[in-house]
Amino acid sequence: MKSLRAEAFGIALALVAAVLLIWKPWDSCNAPNEVCSFASAVAQQEGLLGYQASAGTVEHDALAKPELAVQLQFVLSDQLDAAQAGALAEQLAQQVQGKAAELRWARTELSLVAGTAEQMQGLDRKSYPLEVAESFAQDARNEQEKPVELGKTAAFAFSMHHLGAPEVRNYSATANSLEQFLVLGKSAAEQLSPAELAVRDSFISYSPGRPSDYSEIELIAEAVRSGRVQSVRIAGSGLEMTVHEMEPAGRAKDIQKWLDQHEALNRPMPYRLFSHDYSEILEGWVRGMKPDWLIPKPVDLPENIEAWPQDPAASMCAADDLQIMLGSPDAATGSRYMSVYAKNISAHACALRSYPQIDFLNEAGEPQQEVQLQPEPGIMLERVLIPAGQSAISTLEWNAMSTSLDPDQTVALRIRAAKAMASETLTPEYDGQPVSLDILDGATIAQSPWVQARDGWATAQDALKPSSPNAARP
């Protein structure tokens with residue numbers, strides 16, 4: 001009897017499959033005939049279960065003929081393995097791109113879905129556990145703005161789907177548990193995919209914006225299992241964690257010790273720890289490992305500059321030994337630059353080992369409030385011996401600030417070459433005329449220490465004209 005029942009069940013499944021192949025309840029088209037015919041023909045390929053197509057119009061010019069915007073969705077069999085899905089997706093993308101160019105569709109949205117669909121509440125559409133999508137447009141010359149490359153995306157998505165991820169969207173996948181999060185993360189790292197992973201109904205996520213690294217995903221799991229934090233995420237800015245509301249403040253030091261002593265990751269990872277109300281408690285680098293550009297090093301001199309002779313017995317500069325001068329401000333998109341020079345006007349060499357102390361003054365002569373002068377990372381503070389008649393340089397860099405709502409700009413700088421020295425007040429100039437700087441209250445400025453010279457920055461001899469008012473002591 002059992003064999004007969006099994007045989008009958010198999011026949012029933014075959015009949016259902018045959019009916020679905022003929023009927024294809026997924027198929028629907030609300031678009032011009034040329035779109036429907038194309039979608040229907042494409043959907044006959046092996047591995048595809050059906051399609052949906054729709055179209056609308058795009059008006060770029062009220063006097064021009066409206067152009068067609070097409071939406072195509074193909075249902076893939078979730079029995080495909082990752083490689084098969086990737087190959088099929090690549091083939092579909094090429095077919096759709098070719099037809100879009102041929103029929104001059106203004107914009108095309110292509111999505112590939114798989115799995116058991118659920119009707120979205122209140123909407124005339126269904127949601128699938130797996131979806132990869134891409135859109136592209138044609139320009140005036142009927143050239144596509146970019147190639148559609150869904151092959152790798154689909155292969156990744158199917159690999160996550162077959163590992164049990166309840167929801168996959170392009171390179172984003174959701175896990176049901178921390179254990180599944182680790183499984184998905186290991187697969188993503190093996191594929192070198194820039195995955196975005198999260199654990200459902202929790203504050204655990206991984207979206208580094210670069211190829212996945214399993215050591216970072218394991219670090220997240222360790223933090224969660226410690227029981228000390230309620231949220232953990234790694235994003236482009238690094239590792240961020242929030243402690244539980246009832247967590248004693250002293251436990252933050254335990255977390256810091258754990259991170260500072262943790263096994264080094266494959267790449268430097270900054271971390272920040274926040275209280276339950278999102279106030280920052282502490283920050284650092286896992287294992288203290290910083291990227292090379294943040295490790296202070298002696299400044300590299302330009303190729304045409306010879307290093308000044310060193311004399312350990314030379315005295316430190318006194319205020320009367322130095323003349324402070326400003327270079328002309330410069331700008332690039334979103335960035336501002338200016339140099340400060342210290343000329344040794346004495347008859348002997350003297351040394352500096354410091355950062356210039358600077359107040360940024362508004363028109364009333366008052367310092368801008370809460371300005372942060374931050375040491376430029378990667379440049380070591382060193383003793384620089386300035387020969388008589390030569391000038392050391394310190395560089396300033398800041399982001400452009402909007403002056404439309406706050407016109408209270410910086411019009412002068414009060415500068416001391418070192419903390420113990422008297423200050424001088426200088427006015428920035430450009431082409432011999434006073435100019436203001438878009439340094440306002442709350443500005444952050446990167447500052448180098450005094451150095452002999454810097455690649456890409458003009459020396460005092462090149463930057464300053466003898467006739468400039470700033471080239472002479474007031």
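Quick note: numbers below take in every heavy atom, side chains included, and nothing from hydrogens, waters or symmetry partners. In this text the structure is predicted, and so the values were computed from the model without any measurement.
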Problem set entry | Closest heavy-atom pair and its distance - Ala347, Ala388 | C-CB, 3.9 Å

Exercise. Looking at CG of Leu163 and CZ of Phe158, how far apart are the two atoms once the value is rounded to the nearest 0.5 Å?
Worked result: 13.0 Å

Problem set entry | Glu240/Arg233 ion pair, N-O < 4.0 Å | yes

Exercise. Is a side-chain donor or acceptor of His276 paired with a backbone partner of His244 at a separation under 3.5 angstrom?
Worked result: no

Seminar exercise, completed: Closest non-hydrogen atoms of Trp450 and Val340, given as atom of the first, atom of the second and distance, are CZ3-O, 3.4 Å

Seminar exercise, completed: When rounded to the nearest 0.5 Å, the distance separating SG of Cys350 from CE of Met316 is 8.5 Å

Exercise. Going by distance alone, is a donor N or O of one side chain under 3.5 Å from an acceptor N or O of the other, for Ser448 and Arg454?
Worked result: no

For this session: Give, for atom CD of Glu376 and atom CH2 of Trp293, the distance between the pair rounded to the nearest 0.5 Å.
Result: 10.0 Å

Problem set entry | Side-chain donor or acceptor of Ser335 paired with backbone N/O of Ala332 under 3.5 Å | no

Problem set entry | Ring geometry between Tyr337 and Trp457 (parallel below 30°, tilted from 30 to 60°, perpendicular above 60°) | perpendicular

Exercise. If every non-hydrogen atom of Leu322 is compared with every non-hydrogen atom of Ala417, which pair is closest and at what distance?
Worked result: CD1-CB, 3.7 Å

Problem set entry | Distance, nearest 0.5 Å, that separates CG of Leu361 from CG of Leu437 | 11.0 Å

For this session: Look up atom OG1 in Thr395 and atom CD1 in Ile393, then write down how far apart they are to the nearest 0.5 Å.
Result: 6.5 Å

Problem set entry | Expected output: side-chain Glu382 to main-chain Arg353 donor-acceptor under 3.5 Å | no

Exercise. What do the steps show when you test Glu216 against Arg267 for salt bridge (charged side-chain N to carboxylate O under 4.0 Å, His left out), and what is the final call?
Worked result: CA-CA 9 Å; Glu216 297 171 354; Arg267 52 196 174 197; 2.7 Å; yes

Exercise. Can you find a side-chain donor-acceptor pair between Ser423 and Gln357 that sits under 3.5 Å?
Worked result: no

Exercise. Does any N or O in the side chain of Asp260 come within less than 3.5 Å of the main-chain N or O of Lys257, such that one atom is a donor and the other an acceptor?
Worked result: no

Problem set entry | Flag for Tyr206-Asp213: side-chain donor and acceptor within less than 3.5 Å | no

For this session: Evaluate side chain to side chain contact (heavy atoms under 4.5 Å, CB included) for Trp398 paired with Met338, printing each intermediate quantity in order.
Result: CA-CA 9 Å; Trp398 67 97; Met338 194 170 70; 4.1 Å; yes

For this session: Verify whether one side chain among Gln409 and Ser436 offers a donor that lies under 3.5 Å from an acceptor in the other.
Result: yes

For this session: Keeping the roles fixed (side chain from Gln374, backbone from Gln447), state whether a donor-acceptor pair exists under 3.5 Å.
Result: no

Problem set entry | Sidechain-backbone polar pair: Gln452 side chain, Trp308 backbone, donor-acceptor under 3.5 Å | yes

For this session: Calculate, to the nearest 0.5 Å, the distance between atoms NZ and CD belonging to Lys186 and Gln191 respectively.
Result: 13.5 Å

For this session: Quick one: closest heavy-atom pair of Met401 and Asp441, and the distance?
Result: CE-O, 4.0 Å

For this session: Determine, for Asp438 against Arg336, whether the closest basic-nitrogen to carboxylate-oxygen distance falls under 4.0 angstrom.
Result: yes

Problem set entry | Salt-bridge present (Arg225, Glu222; N to O < 4.0 Å) | no

Exercise. Is Glu280 atom CD crowded by more than 12 heavy atoms from other residues, nucleotides or ligands, each under 6.0 Å away?
Worked result: yes

Exercise. Can you tell me if Ser54 and Gln71 form a side-chain donor-acceptor pair at under 3.5 Å?
Worked result: yes

Exercise. Are side-chain N/O atoms of Ser193 and Ser212 paired as donor and acceptor at under 3.5 Å?
Worked result: no

Exercise. What pair of heavy atoms forms the shortest contact from Ile220 to Ser205, and how long is it?
Worked result: CD1-O, 3.5 Å

For this session: Applying side chain to side chain contact (heavy atoms under 4.5 Å, CB included), run through Glu109 and Phe136 and close with a yes or a no.
Result: CA-CA 7 Å; Glu109 296 177 11; Phe136 57 95; over 6 Å; no

For this session: Answer yes if the side chains of Ser172 and Asn170 hold a donor-acceptor pair under 3.5 Å, and no otherwise.
Result: no

For this session: Could you tell me which non-hydrogen atom of Gln390 sits nearest to which non-hydrogen atom of Ile386, and how far apart they are?
Result: O-CG2, 3.2 Å

